Q: 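Once you've had a glance at the structure underneath, I'll fire off some questions.
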Amino acid sequence: MTMMLKAEGLTKQFVLHNQGSVTLPVFAEVSFTVERGEAVILHGQSGVGKSTLLRILYGNYRPTLGHVHVRHGGDFVDIVTATPRRVLEARRKTLGFVSQFLRVIPRVKTIDIVKDPMLARGVTDDEASRRAGDMLARLNLPERLWSLAPTTFSGGEQQRVNIARSFVDPSPVLLLDEPTASLDATNRDVVVELIDEARKAGSAIVGIFHDEAVRDRVATRRLDLTAYRAAA
Amino acid sequence: MSLERVHDMNAEPDPILIAQKLTKLYGDRIGCRDVSFSLWPGEVLGVVGESGSGKSTLLRCLAGIDRPTGGEVMFRHADKPISLFDIPEPTRRKLMRTEWGIVHQNPRDGLRMDVSAGGNVGERLMDRGDRHYGKIRAAAIDWLTRVEIGEDRIDDRPRQFSGGMQQRLQIARVLVPEPRLVFMDEPTGGLDVSVQARLLDLLRVLVRDLGIAAVIVTHDLAVARLLTDRLMVMKDGAVVEEGLTDQVLDDPQHAYTQLLTSAVLAA
Ligand SMILES: Nc1ncnc2c1ncn2[C@@H]1O[C@H](COP(=O)(O)OP(=O)(O)OP(=O)(O)O)[C@@H](O)[C@H]1O
Ligand SMILES: Nc1ncnc2c1ncn2[C@@H]1O[C@H](COP(=O)(O)OP(=O)(O)OP(=O)(O)O)[C@@H](O)[C@H]1O
Ligand SMILES: [Mg+2]
Ligand SMILES: [Mg+2]
């Protein structure tokens, strides 16, 4: 067993300075580890803090207390205390985040969006093109769209570009926030397969899925955040 | 992917630029105060904050244009740090011409308006010591193409260009000598939205492909999100918050940053 991620005593409260400095406690003292080849699914009702926790693991939100140790190459990086450069380096090579929405960069072609993370990891242009094409085809995105920027695509099409980008060379640690939300049943099945393949290839996964059937197919373990709910 | 491929980040390079307690006063008015940070090769730092918060003042001190009242700017040159304001003026000017570039908000401040587009770009190569006319012209054409200015416009003067074209020409002029460090003050200010998007994408790709370090001043948080790795938020001349760009924008900690990020709909 290889531990890929260790969350240690994560506590989060938002302080809203411009609304009378209201403090909004979300959760307290969340600790867990994720091994290589595991898929931990976060549970709990809306507002319990699932997305907040996932964002903290990625370094997008800052916890009030606690640490996030991620295996990066030979050693561990604490995403909470590492310098921005180190976090970006860990994201480039180790930590992937897939949300419900693609952040569209103006004018960048679909195929290049999918190739980009591979190129950043040193894959050759030819190989990156081939793998990007295969992945887009697998997600049923018509080839005529590949050379267009996704700005004008439908929500589901954009989401498939997003998925293709994230699963064409899956990160060793993958964080998934409702990646199947805007997909039809056929494409949702493809995504479930992709997640399973990534896990079996060794990725450690932490995910949020509203669809119970998807959860059942993906999860190797569940973590219910209700127990960590902080008192207001 | 295998974990074995992930391994090369233990060699820490040295920062290319270090600011230490930089302060600039205008009489008893504060331009900026006690600003410290390090910038590494290939890193893009954004500076945001309201009008009058000291962003341009800071940039001018960093770029060697204005002398700070206190503090120091260290620049890594020929593998050792030099203190920017301790070296003789001509040496500093030479560094500014060859090792770094400045993109001004108003393209008129960065272009020679009476010199052709090709000349504006070619001149910088001559500064660098290139003398071969054919090669200079070829490089100029290459760069004009990269910033999407047609080869047929090479002999036109900047005043015959639109604002967006002038800005793209300025960017070509700054990047052609392949500087290691670039300073930009509101590089997309005053341009309409579609022109901005093209320019931003161009900048994003150029900065990434050339691996240059950059400091970008902007009041536009969407620009900051697209172009920068790290963000510094300034208020009344001081830095109130800094960190990873997406973290500062999505989970701002300081009251002022919360105000700034809530004032826009979605950056
Ligand atoms: N940037 C933020 N600033 C302030 N409060 C926030 C921020 N992000 C999340 N919250 C608050 O944190 C709490 C948890 O939100 P979160 O989005 O993590 O819930 P969730 O469990 O993912 O819910 P859902 O199932 O509806 O997606 C909510 O009360 C939310 O309003
Ligand atoms: N040459 C000068 N002489 C006197 N005061 C100055 C001078 N330049 C700037 N200041 C003052 O220093 C402060 C910071 O100005 P600066 O131009 O750096 O702000 P800024 O953040 O770039 O604002 P903006 O977003 O409007 O460009 C302001 O109070 C300004 O009036
Ligand atoms: Mg959520
Ligand atoms: Mg200014």
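Only heavy atoms go into these numbers, but all of them, side chains included; no hydrogens, no water, no symmetry mates. Note that the structure is a prediction, hence the values are computed from the model and not measured. Naming convention: chains lettered A, B, ... in sequence-line order (proteins, then strands); numbering from 1 in each chain.
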Q: Return yes if some donor-acceptor pair links the side-chain N/O of Arg229(A) with the main-chain N/O of Phe27(A) below 3.5 Å, else return no.
A: no
Q: For Val15(A), is it the side chain, the backbone, both or neither that has a heavy atom under 4.5 Å from a heavy atom of chain B?
A: backbone
Q: Drop me the distance from Leu39(B)'s CG to Leu181(B)'s CG, to the nearest 0.5 angstrom.
A: 6.5 Å
Q: Looking only at heavy atoms, which of residues 41-49 of chain B get nearer than 4.5 Å to chain A?
A: Glu43(B)
Q: In sequence, state the C-alpha distance, the side-chain angles, and the governing distance for Thr81(A) and Asp78(A), and then conclude on side chain to side chain donor-acceptor pair (under 3.5 Å).
A: CA-CA 6 Å; Thr81(A) 56; Asp78(A) 179 1; 3.1 Å; yes
Q: If you apply the rule side chain to side chain contact (heavy atoms under 4.5 Å, CB included), what do you find for Glu38(A) with Ile205(A), and how did you get there?
A: CA-CA 6 Å; Glu38(A) 269 197 305; Ile205(A) 293 169; over 6 Å; no
Q: Check this for me: does any side-chain nitrogen of one of Asp134(A) and Arg138(A) sit under 4.0 Å from a carboxylate oxygen of the other?
A: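 Here Asp134(A) does not pair with Arg138(A) in a salt bridge, since their nearest N and O are not under 4.0 Å apart.
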Q: Quiz question: by atom type and distance under 3.5 Å, do the side chains of His69(A) and Glu8(A) form a donor-acceptor pair?
A: yes
Q: Looking only at heavy atoms, which of residues 56-68 of chain A get nearer than 4.5 Å to chain B?
A: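 From residues 56-68 of chain A, the residues near chain B are Gly59(A), Asn60(A), Tyr61(A), Arg62(A).
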Q: In terms of heavy-atom proximity below 4.5 Å to chain B, should Arg92(A) be classed as side chain, backbone, both, or neither?
A: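 Neither part, no heavy atoms under 4.5 Å.
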Q: What part of Asp116(A) is in contact with chain B, defined as an atom under 4.5 angstrom from a non-hydrogen atom: side chain, backbone, both or neither?
A: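 The side chain, not the backbone.
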Q: Counting heavy-atom pairs closer than 4.5 Å to chain A, which one of His254(B), Arg230(B), Gln253(B) comes out on top?
A: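 Max contact count across the listed options: Gln253(B).
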Q: Below 4.0 angstrom, N of the basic side chain to O of the carboxylate: do Asp169(A) and Arg121(A) qualify?
A: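 Looking at Arg121(A) together with Asp169(A), the answer is yes, because their closest N to O distance falls below 4.0 Å.
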Q: Salt bridge check: are Asp251(B) and Arg55(A) linked by an N-O gap of less than 4.0 Å?
A: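 Salt bridge: no.
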Q: Any ion pair linking Arg85(A) and Glu89(A) (charged N to carboxylate O, less than 4.0 Å)?
A: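 No salt bridge links Glu89(A) with Arg85(A).
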Q: Could you tell me whether Asp196(A) and Lys200(A) make a salt bridge, using a distance below 4.0 angstrom between a side-chain N and a carboxylate O?
A: yes
Q: On the ring face of Tyr256(B), is Lys235(B) found with NZ or CZ under 6.0 Å from the centre and within 45° of the axis?
A: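 Here Lys235(B) passes the 6.0 Å and 45° test against Tyr256(B).
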